[in-house]
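Structure first, commentary second.
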Protein chains: 2
Amino acid sequence: MAKDSAAWLNLDRTGGDLEGQIYHAVRARILAGAIRPGDALPSTRGLAALLGVARSTVVAGYERLRAEGFLAGRPGSATRVAELPTGPRDGDAPAATPPRAAQDPERFMPFRPGLPDLDAFPVKAWSRCLTARARHLRWHDLGYGEAMGLAPLREAIVEHVARTRAVVADPAQVVILASTAAAIDLIARVSLRPGDAAWVEDPGYPTARSLLARAGARLVPVPVDDQGFDCAAAPPGTVPRLICVSPSHQYPTGVAMSLVRRIALLDFAARHDALIIEDDYDSEFHYAGRPLAALQGLGSGAQVAYIGTFSKVLAPGLRLAYAIVPQALLPKIEATIRQGGGSVAVHVQAAMADFIRDGYLAAHIRRMRKIYHARMEATAAMIETRWSAWLVPGARDGGLQLCTRLRDQTADDRALARMLHHHGLAPTALSTCAIAPTRPGLLFGIASATPERIAALDRALGKACPVDRF
Amino acid sequence: MAKDSAAWLNLDRTGGDLEGQIYHAVRARILAGAIRPGDALPSTRGLAALLGVARSTVVAGYERLRAEGFLAGRPGSATRVAELPTGPRDGDAPAATPPRAAQDPERFMPFRPGLPDLDAFPVKAWSRCLTARARHLRWHDLGYGEAMGLAPLREAIVEHVARTRAVVADPAQVVILASTAAAIDLIARVSLRPGDAAWVEDPGYPTARSLLARAGARLVPVPVDDQGFDCAAAPPGTVPRLICVSPSHQYPTGVAMSLVRRIALLDFAARHDALIIEDDYDSEFHYAGRPLAALQGLGSGAQVAYIGTFSKVLAPGLRLAYAIVPQALLPKIEATIRQGGGSVAVHVQAAMADFIRDGYLAAHIRRMRKIYHARMEATAAMIETRWSAWLVPGARDGGLQLCTRLRDQTADDRALARMLHHHGLAPTALSTCAIAPTRPGLLFGIASATPERIAALDRALGKACPVDRF
């Protein structure tokens, strides 16, 4: 790159953020093909002199480009434009696809539990819905609106969960929130007095536990076995105010609570006037037989606050979830929500209502269910075929995680998870989800488990496996 | 401008938003002095041909520059660079009025405090930003992302409040939240232990009070006079953990806290290790003289959690606000936020970052400041001319509300507000904002105070006025 060609780098010295301007200008040149893979960039010293800025500014701009994968070469040696992948993402993405470098290697690691396949996000359909709403923002989209949530979205959600999960509710019972965590927090805050007991699954969802504790609950762990959460296994004498469960696809074990236990739980809650929080985070994805209906629709609905989310079925970045609360809890919930104001941009809610009503959500679920099923099976099959003397896969008939247990009950699953982490893979150690000692194991997110990644997992397990024991 | 000199306009055709690129490039050239006031720009047709883009793209880019005052000349005639004021960019913004959106008669009532003029919402610019982001959703827009908020938005906010409010902060101190209420709630939850004292303005913002009380605070009302909140007026002996104030435009009285009191407050907070919550809800709109800088930037920043919002400056329906917290509070805030997850859709955050960076926010503020100023003056003038024997307007040098006091200190402002409500108008009775008895009065939202509505208010006051007393 000749010295004078830096004329394209017209810095706007009044605009601040010179580093960002350098970053944007170089990035634009790379994306436009004006600078090509392998081309050397000017030295930071040379470019700083040319532009009349501090060298540290240029270094910072280059660092950002390097961090995003646009530049190669270590600090110190010549900085060159990196080889960028040219292929489109997942079939339908046009040429405007941003470089894969946009994926933050810090964040995405295969087999991390809890993430859907974000590469399969229906960008076109969602942006169509959002764009249509953004272009025709109406007065009520811009005002404070209905703090509990936009009426059309609450209606669309009730229809969706009635159809897919047999939830029985009125739209007035729905609250729109930014996440499952926000829903648990809200319900805990309106239900608990300090020191009230809350029964939680063990092993279970650590975030739920810490939210309940923060709201003042005294946590009582209740063990989960292969039929799920069991009321009868709770320590005698405690009467809980809240019972927090994931009956359809227990986190992390993946087991479904048996019907007998469900009825016992509803009965117990009714007798003791306890509120059940049903965290139904990924039950849209069920692969074998008919999905068990939600606990909420099994009884009168008076004891269950049902929580659903778009984080697993679509993407966490949407920050969209919902709670469907018993009628009796509505006045308290409404008072709290009105105080804090609504929590989701109204036109995003309107777009999601359209997305559901127009059938995009159902179509996406159908499409992803097949893909996830295949990935679940492929991951489980690899582990069974290659590593069954060491690791035993558990339930695999639904959801985005595969729970596996180590045969060696004395093994250190956290050390194993750390080892796999070194190989770029991020399953969770089961012991991190447990209060009482639990059988060690690993929880694998399967949503992005492509054949190459499964092969990588196989290799990494090969390196991490204590071979001397086999 | 010779044809070939457009070489500096290197469009990044893969980056989308060509119009924005044209806008930025021309703006940068003007600010850098490379194109000077009076210089003719290429015709839209000529530039479009040169760049190989649609003419409408160039027209839209020029329109934006024209709306912000960078270009002069009407569409049709030659486009020239405008004479730019040399001082701070506070010039005029003759902008195209967006189509009047349909108003929801169910919700909208004139003179309700706290609402901006939603008919003036920049629908086109916002939907352009949002659409561009929705169409190019990237992996990190869809994942869990950064719970504290998207980095580019946090950076854009820091630049915005540094320029407009003299806030001194690092982007790492910014938390993106759905509302001012959510910000107060978060700060209260991480700062208060049950029973801690919190000083609140009296009269003051009722929502802040109830959020603090819910978080366990013992509320201590501190009277507000015509110099604002006064530390010295607090009951002796109470040492507050939190002090919640709106120093730049006190709610509801509209007074600005004097510099002497500001310094005293910062000093008091530092000596007693109290945290000040600075609710700076609508200070972007200041009409007379220079706006007082934020309290946050006046001291070291160590005692102040600054809260800003897009609800007043743009629209509440966006559900977007932010807190800028002291470094020392960051670990607790981050831990709490990470537990609950981020609260705003990531692509909405990205769109807002673009909206700020691309100059739309500044242009909107410039435009609305003039409109609101005129409406504030017109409302106050009508009341002074017609009803000054009964109602006395207070401070009117900024914000979206006009605070008026009834001369009759025994009058029932709630009854008066109810009467006006029957006539379709919705000012707030001041007594609803007060803990200790306060001089009665009415708080009028002026953002949508058109001449017809002011005339309607005049008529309604005529019917509500206790004529027998005059």
Side-chain angles (χ1 to χ4, degrees), chain A residues 7-8 10-17 20 28-29 31-32 34 95-96 98 102-104 107-108 115 118-119 121 123 126-127 130-131 134-135 137-145 178-182 185 207 210-211 214 315-320 339-348, chain B residues 7-8 10-16 25 27-29 31-32 34 101-104 107-108 115 118-119 121 123 126-127 130-131 134-145 155 159 178-179 181-182 185 207 210-211 214 315-320 339-348:
Chain A
W8 51 265
N10 275 297
L11 297 187
D12 167 7
R13 272 148 220 289
T14 66
D17 190 21
R29 299 284 288 185
L31 290 171
Q103 297 195 1
D104 184 342
R107 301 234 175 96
F108 179 71
L115 270 181
L118 298 179
D119 287 332
F121 182 84
V123 171
W126 172 247
S127 75
L130 190 61
T131 299
R135 287 206 181 126
L137 286 170
R138 293 184 306 161
W139 200 91
H140 87 262
D141 297 324
L142 295 168
Y144 279 95
S179 63
T180 293
D185 188 44
T207 299
S210 50
L211 290 166
R214 194 176 71 178
L318 298 175
R319 311 313 301 153
L320 205 50
Q339 197 169 54
S343 49
V344 177
V346 187
H347 54 302
V348 172
Chain B
W8 51 266
N10 276 294
L11 298 187
D12 167 9
R13 273 149 220 289
T14 66
R27 182 173 170 281
R29 298 287 285 187
L31 289 171
Q103 294 193 2
D104 186 345
R107 302 246 172 88
F108 178 72
L115 270 180
L118 298 179
D119 287 333
F121 183 83
V123 172
W126 172 248
S127 75
L130 189 61
T131 299
R135 286 203 183 128
H136 300 282
L137 285 169
R138 294 186 304 162
W139 199 91
H140 87 262
D141 296 324
L142 295 168
Y144 279 96
E155 287 159 18
E159 285 169 28
S179 62
D185 187 44
T207 300
S210 52
L211 290 166
R214 193 175 74 179
L318 297 175
R319 311 312 303 152
L320 204 49
Q339 197 170 51
S343 49
V344 177
V346 186
H347 53 304
V348 172

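Reminder, nothing fancy here: chain letters follow the sequence lines and each chain counts from 1.
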Checklist entry - If you take all heavy atoms of B:Val123 and A:Arg135, which pair is closest and at what distance? => result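 Heavy atoms of B:Val123 and A:Arg135 come nearest at CG1-O, 3.7 Å.
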Checklist entry - What is the minimum heavy-atom distance between A:Leu130 and A:His347, and which atoms define it? => result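 Scanning both residues completely, I find the closest heavy atoms to be CD1-O, 4.1 Å.
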Item to check | Nearest-0.5 Å distance, CG of residue A:Asp185 to OG1 of residue A:Thr207 | outcome: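 A:Asp185 atom CG to A:Thr207 atom OG1 measures 11.5 Å (nearest 0.5 Å).
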Next on the checklist: Can you tell me which of B:Gly317, B:Ala315, B:Ala178, B:Ser127 forms the most heavy-atom pairs within a distance under 4.5 Å of chain A?
Outcome noted: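 Looking at each option in turn, the highest pair count goes to B:Gly317.
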Next on the checklist: side-chain contact (heavy atoms from CB on, under 4.5 Å), that's the test. Do B:Leu211 and A:Gln339 meet it? Break it down for me.
Outcome noted: CA-CA 7 Å; B:Leu211 290 166; A:Gln339 197 169 54; 4.0 Å; yes
Checklist entry - Where does A:Val348 contact chain B at under 4.5 Å (heavy atoms): side chain, backbone, both or neither? => result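 Just the side chain, heavy atoms under 4.5 Å.
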Item to check | Contact origin within A:Ser179 toward chain B - heavy atom pairs under 4.5 Å | outcome: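 It is the side chain, since no backbone atom gets that close.
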